[in-house]
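One structure below.
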Amino acid sequence: MAYYITTPIYYVNAEPHIGHAYTTVVADVLARFHRLQGEEVRFQTGTDEHGDKVLDAAAAAGLPVKEFVDRISARFRQSWDNLDISYDNYVRTTDPAHVEVVQNILTQVHDSGNIYFGEYGGLYCYGCECFYLERDLVDGLCPDHKVAPTFLKEENYFFRMSKYQDWLIDQIKRHPDWIRPERYRNEMLAFLKEPLEDLCISRPKSRMDWGITLPFDERYVTYVWFDALINYLTGLDYPDGAAYRKFWPAQHFIAKDILKPHAIYWPTMLKAMGVEPFQNLNVHGYWQMAAGKMSKSLGNVVDPETLAGRFGIDQVRYFFLREMVFGLDAHFSEAALITRINADLANDLGNLFARSLGMAFKYRQGVVPAPGVPEPLDQEVVTAAQTMTADFLRLFPALEFSKALAGLWEFIGLLNRYIVTTAPWQLAKEPEAAARLDTVLYHLVEGLRWIAALLRPVMPASALQMSKQLGLGLALWDQPLAQVLKWGRLTPGSLLAKGPPLFPRIETEAK
Ligand code: MSP
């Protein structure tokens, strides 16, 4: 099966922050998860480089715009490399191949009569780069930027978006999880109760010329959203590429801030082009800071690379997935991150791993023992591993990462209790309990193998470290999950290996 997953292409007007990092990590975790299921995956991210905002930022930085976008785009790329993001393709909207496809699509949609020339006077927000209707404003201000929009009247090109309103409503109603979670689907259905306007898709060069020239009128550039959304196709070499035939339709991942362009503009654009709709629009909430929104002016922007440098890449990745319920807002704080690292990673998982391997070395010289006949307590471990795994494999594709991980941590808790109940240090003192000790140690290390396998998409480096310490060969590691997750595959007689602690505690200053 083919699986195509995308993040938004990020504006290069500012440096990457943890909001961007979150979406990108989620997409990466799913890309890895689907690869482990044996699927053929294409994972795309990139940068959105045209429009007012970017032009202004380049001017503020005192750099020629192309030099500026090259620099920030490379910064995003470097951030993703430093967070272990396994993207297959990185699109930039200034790539000549992208520009060409956007122009071809514009020509096609124009030729088919779905783009027309007209005059429009309206309230324009420069921050959003779009026109607002009175009813969309909050106390007369742009709901996002909290500034009064400017009245602007000019001649422009319009995409006949209104024509697709009934089709779009029908599409949303007929595919209940097309836009998910449900709250965002409902938000769009409510929005579509009002008449849909046509979409202004050009900007006169006299006002702003940093964009893709309209193929049918040199005096205009393309509206940045009409240009940007098309990245999801250009990255697949649309229309003739083999990648397009194999991978479209996409799983798009975005936050709630850009719901409307993705749920309204994009499907209607695709419809006008005669392209099948995307597979799902997956929408998450916002990371909130103590002061509310994360913003440059509030000085509370968190750089993901710095964070990963201080606390560890896998630690940050785990925190993202465990702490935020996909679809809802969550609070970000260093204290919450440290708590997760110390409690979940260092204490629960790190200790379980270190204790289990420590005992296997102490009592069995690091050789995986052969288990004897299981007792009910051991059987409970096997059943819990199987139930938890079935839940995990169901919850992950349903985007319930936090719940899936909570379930995995219950299993970790169960194994920690199993150690206390079976008390291997007691068994080690009694020669007649040797077979029993073998069984207990086997269940511990085999349980750890399952944990490592399931954590692999979330914490790739730590899971690999675990696999090395568990002495796993390729057959127990580099195979589809379904093969790996069979109880009892860890071979008795195989050798464990010593290694550094997985998750060092973060020491905080005493209060
Ligand atoms: N360039 C457009 C997207 C075009 S896609 C065809 C854009 N760029 S952006 O740089 O502003 O990125 C917005 C995205 O960044 C959000 O949808 C989300 O993925 C991520 N986030 C930015 N801030 C965020 C939070 N505070 N919390 C969570 N994610 C956030 O919009």
Side-chain angles (χ1 to χ4, degrees), residues 5-28 30 44-55 57 69 72-73 75-76 79-80 83 85 90-94 98 101-102 105 127-130 144-145 184 210-212 222-235 250-267 269-270 278 281-296 298 300-304 307 316 319-321 323-333 399:
I5 185 163
T6 69
T7 73
I9 46 170
Y10 304 109
Y11 282 129
V12 289
N13 62 336
E15 305 262 318
H17 61 60
I18 54 157
H20 309 122
Y22 173 75
T23 320
T24 313
V25 165
V26 165
D28 181 65
L30 280 167
Q44 176 169 304
T45 186
T47 43
D48 190 353
E49 306 187 3
H50 291 129
D52 281 322
K53 273 196 249 232
V54 172
L55 197 59
V69 299
I72 308 281
S73 181
R75 273 283 293 126
F76 271 93
S79 269
W80 304 154
L83 280 172
I85 304 298
Y90 192 88
V91 221
R92 301 182 54 188
T93 53
T94 50
H98 171 80
V101 173
V102 170
I105 288 173
C128 302
E129 303 186 30
C130 70
D144 249 10
H145 294 89
Y184 300 111
W210 181 239
I212 299 179
T222 312
Y223 170 44
V224 67
W225 272 105
F226 200 93
D227 156 1
L229 288 160
I230 290 173
N231 91 84
Y232 300 131
L233 291 175
T234 39
Q251 285 288 348
H252 295 312
F253 281 77
I254 60 165
K256 61 184 185 180
D257 56 334
I258 50 176
L259 175 59
K260 204 161 102 185
H262 281 83
I264 310 284
Y265 307 171
W266 183 223
M269 285 166 65
L270 288 167
F278 48 75
L281 182 61
N282 307 288
V283 190
H284 64 78
Y286 247 47
W287 284 100
Q288 306 285 2
M289 311 302 287
K293 231 180 147 155
M294 195 169 16
S295 78
K296 230 179 183 173
L298 288 172
N300 60 358
V301 176
V302 183
D303 169 25
L307 205 65
V316 171
F319 173 79
F320 277 161
L321 270 89
E323 194 76 8
M324 179 177 260
V325 173
F326 193 90
L328 303 179
D329 289 355
H331 284 278
F332 178 86
S333 72
L399 315 179

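Whatever order the structure lists them in is the order used to number ligands and atoms, beginning at 1.
Residue contact check: Gly285 has heavy atoms under 4.0 Å from atoms 28 (C) of ligand 1. Atom numbering of ligand 1 starts at 1 in the shown order; those under 4.0 Å from a heavy atom of Thr23 are 18 (C), 19 (O), 20 (C). Close approach of ligand 1 to His262 is summarised as follows: ligand atoms under 4.0 Å from at least one heavy atom of the residue are 5 (S), 6 (C).
Tyr10 and Ser73 share no side-chain donor-acceptor pair at under 3.5 Å. Side chains of His20 and Tyr11: no donor on one and acceptor on the other come within 3.5 Å.
Contact of the Thr7 side chain with the Gln44 side chain is not registered, since no non-hydrogen atoms from C-beta on lie closer than 4.5 Å.
Taking the six-membered ring wherever Trp is involved, the centroid distance between the rings of Phe253 and His284 does not fall below 6.0 Å.
From the protein, the heavy atom lying nearest to atom 8 (N) of ligand 1 is Tyr11 CD1, 3.3 Å. In terms of protein heavy-atom proximity, atom 22 (C) of ligand 1 is nearest to His17 CE1, 3.6 Å. For atom 27 (N) of ligand 1, the closest heavy atom belonging to the protein is Trp287 N, 2.9 Å. Counting protein heavy atoms only, atom 1 (N) of ligand 1 is closest to Asp48 OD2, 2.7 Å. In this structure, atom 31 (O) of ligand 1 lies nearest to the protein heavy atom Ile258 CG2, 3.4 Å. In terms of protein heavy atoms, atom 13 (C) of ligand 1 is closest to Asp257 OD2, 3.5 Å. Annotation: atom 15 (O) of ligand 1 to nearest protein heavy atom, His20 CD2, 3.4 Å. Counting protein heavy atoms only, atom 12 (O) of ligand 1 is closest to Tyr10 CD2, 3.5 Å.
The closest non-hydrogen atom to atom 20 (C) of ligand 1, taken over Gly19, Ala27, Pro261, comes from Gly19.
Checked against Phe320 for a ring pair (Phe, Tyr, Trp, His ring centres under 6.0 Å), the options Phe326, Tyr22, Phe332 give a single hit: Tyr22.
In terms of polar-atom proximity, defined here as any N/O pair under 3.5 Å, Ile254 makes no such contact with ligand 1. Inclusion of Ile9 in the set of residues having an N or O under 3.5 Å from an N or O of ligand 1 is warranted.
Counting heavy atoms under 4.0 Å from ligand 1, residue His284 touches it through the side chain alone. Under 4.0 angstrom from ligand 1, there are no non-hydrogen atoms of Phe253. With a heavy-atom cut-off of 4.0 Å, Tyr232 touches ligand 1 through its side chain alone. With a 4.0 Å heavy-atom cut-off, ligand 1 is reached by the side chain of Asn231 but not by its N, CA, C or O.
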Notebook entry, point to check: Going through the distances and angles, do Asp48 and Val12 end up as a side-chain contact (heavy atoms from CB on, under 4.5 Å)?
Noted result: CA-CA 6 Å; Asp48 190 353; Val12 289; over 6 Å; no
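Within 6.0 Å of NE2 on His331 lie no more than 12 heavy atoms contributed by other residues, nucleotides or ligands.
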